[in-house]
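Down below is the structure, laid out as structure tokens.
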Amino acid sequence: MTLSLFSLEGRTALITGSSQGIGFALARGLAQAGARVVLNGRDAAKLSKAAETLRGEDLTIEEAVFDVTDSPAVSEGIARIEREIGPIDILVNNAGIQRRAPLHEFDEGDWRDVMETNIDSVFYVSKAVAAHMIPRGKGKIINICSVQSELGRPSVAPYAASKGAIKMLTRGMCIDWGPHGIQVNGIGPGYFKTELTDALVKDETFSGWLTGRTPSRRWGNVEELAGAAIYLASDASSFVNGHILYVDGGITTSL
Ligand code: NAP
């Protein structure tokens, strides 16, 4: 009984930006918990390769190629999933990018890329999915936030602004859609080893500072995010709404 609370058997989950990194690890975790998982990304070849890897592990995987910053493409992509694959029970808004430069030198095009990918997309995809979830009276939405939803760092002000915005959008979505039976929560990852953080992992000064600053004294491994996602996607969290769960080795607790 207790463990069945965490089962995702019979559910369909869409995870944006899931051809690599955190999204891919979450896809594997939700699929291992029983969900049929729809992978998403812009690069069809990369997405197929990721899907093949997971199918090779006997997991049930579908693919949906669309750019989350392109609102008409999002509407079309969500409509196709609902029509051809099935009702989306779980949405994970994960696609995101980072651009680093001191704010006074920050390029306007990079600013727009960060905002369009990290925050506009969450509005487009969630609105399109919620239009189907609301009449069904149920649904789970998980927004991938960051420790930078709370804390800044030099040269990443636009990223931190976008992640702070996702935190508040999570609360707003919870307030507007909670009465329709939808739960909207966030996961705030600390520092995890992925392609997005590759340069930081290789930077010994940064890595030494980070591990010294993190109470758990290490980087996170992406597999360590799966438990939080399964919890928030399953019946185990049936009365949890509008919450941000930080999975960060404790970094947000200390100065
Ligand atoms: P990543 O390794 O760079 O992967 C990003 C994924 O998003 C790729 O699959 C990419 O595939 C997809 N993507 C990017 N732009 C897209 C778009 N416009 N439309 C559709 N898909 C798109 O990133 P990550 O490190 O796993 O990060 C994933 C999320 O976690 C992000 O929201 C990030 O901010 C957050 N996060 C990461 C860390 C960390 O330590 N890594 C910490 C806190 C929060 P395509 O290239 O095919 O589009």
Side-chain angles (χ1 to χ4, degrees), residues 14-29 37-51 53-54 63-74 76-78 91-100 110 112-125 128 142-153 156 158-167 169-170 186-201 203 206-207 210-211 214 218-226 228-229 244-249 251-252:
L14 166 65
I15 305 178
T16 67
S18 43
S19 56
Q20 64 182 51
I22 288 175
F24 181 75
L26 296 182
R28 177 180 272 139
V37 175
V38 185
L39 300 185
N40 158 263
R42 290 164 300 182
D43 180 336
K46 193 165 79 171
L47 200 66
S48 288
K49 204 164 160 246
T53 303
L54 296 180
E63 295 163 51
V65 179
F66 58 84
D67 182 336
V68 293
T69 68
D70 178 344
S71 176
V74 166
E76 213 174 285
I78 300 302
L91 164 66
V92 183
N93 285 304
N94 166 78
I97 58 168
Q98 174 66 289
R99 298 279 182 273
R100 294 184 178 86
D110 284 343
R112 279 191 291 275
D113 284 349
V114 168
M115 292 302 166
E116 284 170 8
T117 310
N118 294 4
I119 185 72
D120 293 4
S121 73
V122 179
F123 169 60
Y124 300 149
V125 180
I142 301 169
N143 294 330
I144 302 303
C145 303
S146 168
V147 292
Q148 279 154 2
S149 300
E150 301 291 342
L151 303 168
R153 280 279 302 153
V156 295
Y159 179 85
S162 74
K163 290 295 179 179
I166 296 186
K167 178 180 75 176
L169 188 58
T170 301
I187 294 175
Y191 282 84
F192 285 77
K193 292 180 195 168
T194 68
E195 288 190 22
L196 192 79
T197 53
D198 198 37
L200 296 181
V201 175
D203 178 338
F206 180 87
S207 215
L210 177 75
T211 50
T214 303
R218 63 177 177 84
W219 282 81
N221 298 310
V222 287
E223 307 77 52
E224 294 178 293
L225 287 162
I244 312 292
L245 174 52
Y246 288 96
V247 181
D248 65 354
I251 198 166
T252 46

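When reading the values below, keep in mind they use all heavy atoms of this one structure, side chains included, and skip hydrogens, waters and symmetry mates. Every number for a ligand or one of its atoms is a count from 1 in the order of the listing.
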Any chance you could measure I78, atom CD1, to E76, atom CD, to the nearest 0.5 Å? 11.0 Å
Only heavy atoms of [X], strictly under 4.0 Å: list the atoms of ligand 1 that pass.
| X | result |
| --- | --- |
| D67 | 17 (C), 18 (N), 19 (N) |
| F192 | 39 (C), 40 (O), 41 (N) |
| G96 | 31 (C), 32 (O) |
| C145 | 44 (C) |
| S146 | 43 (C), 44 (C) |
| S19 | 8 (C), 9 (O), 11 (O), 47 (O) |
| T197 | 39 (C), 40 (O), 41 (N) |
| G21 | 2 (O), 26 (O) |

Please check if the side chain of T211 supplies one atom and the backbone of S207 the other of a donor-acceptor pair under 3.5 Å. yes
For a 4.5 angstrom cut-off between non-hydrogen side-chain atoms, does I15 reach L39? no
Determine whether E63 and S48 make a side-chain contact, defined as any pair of heavy atoms from C-beta on separated by less than 4.5 Å. yes
Going by an N to O cut-off under 4.0 Å, is there a salt bridge joining R28 and E223? no
Considering only protein heavy atoms, which is closest to atom 14 (C) of ligand 1, and at what distance to one decimal place? R42 NH2, 3.4 Å
So Y191 and W219, would you call those rings parallel, tilted or perpendicular, with 30° and 60° as cut-offs? perpendicular
By the definition side-chain contact (heavy atoms from CB on, under 4.5 Å), identify the one residue from T197, V247, V201, N221 that meets it with F192. V247
The answer for which part of T194 has a heavy atom under 4.0 Å from ligand 1 is side chain
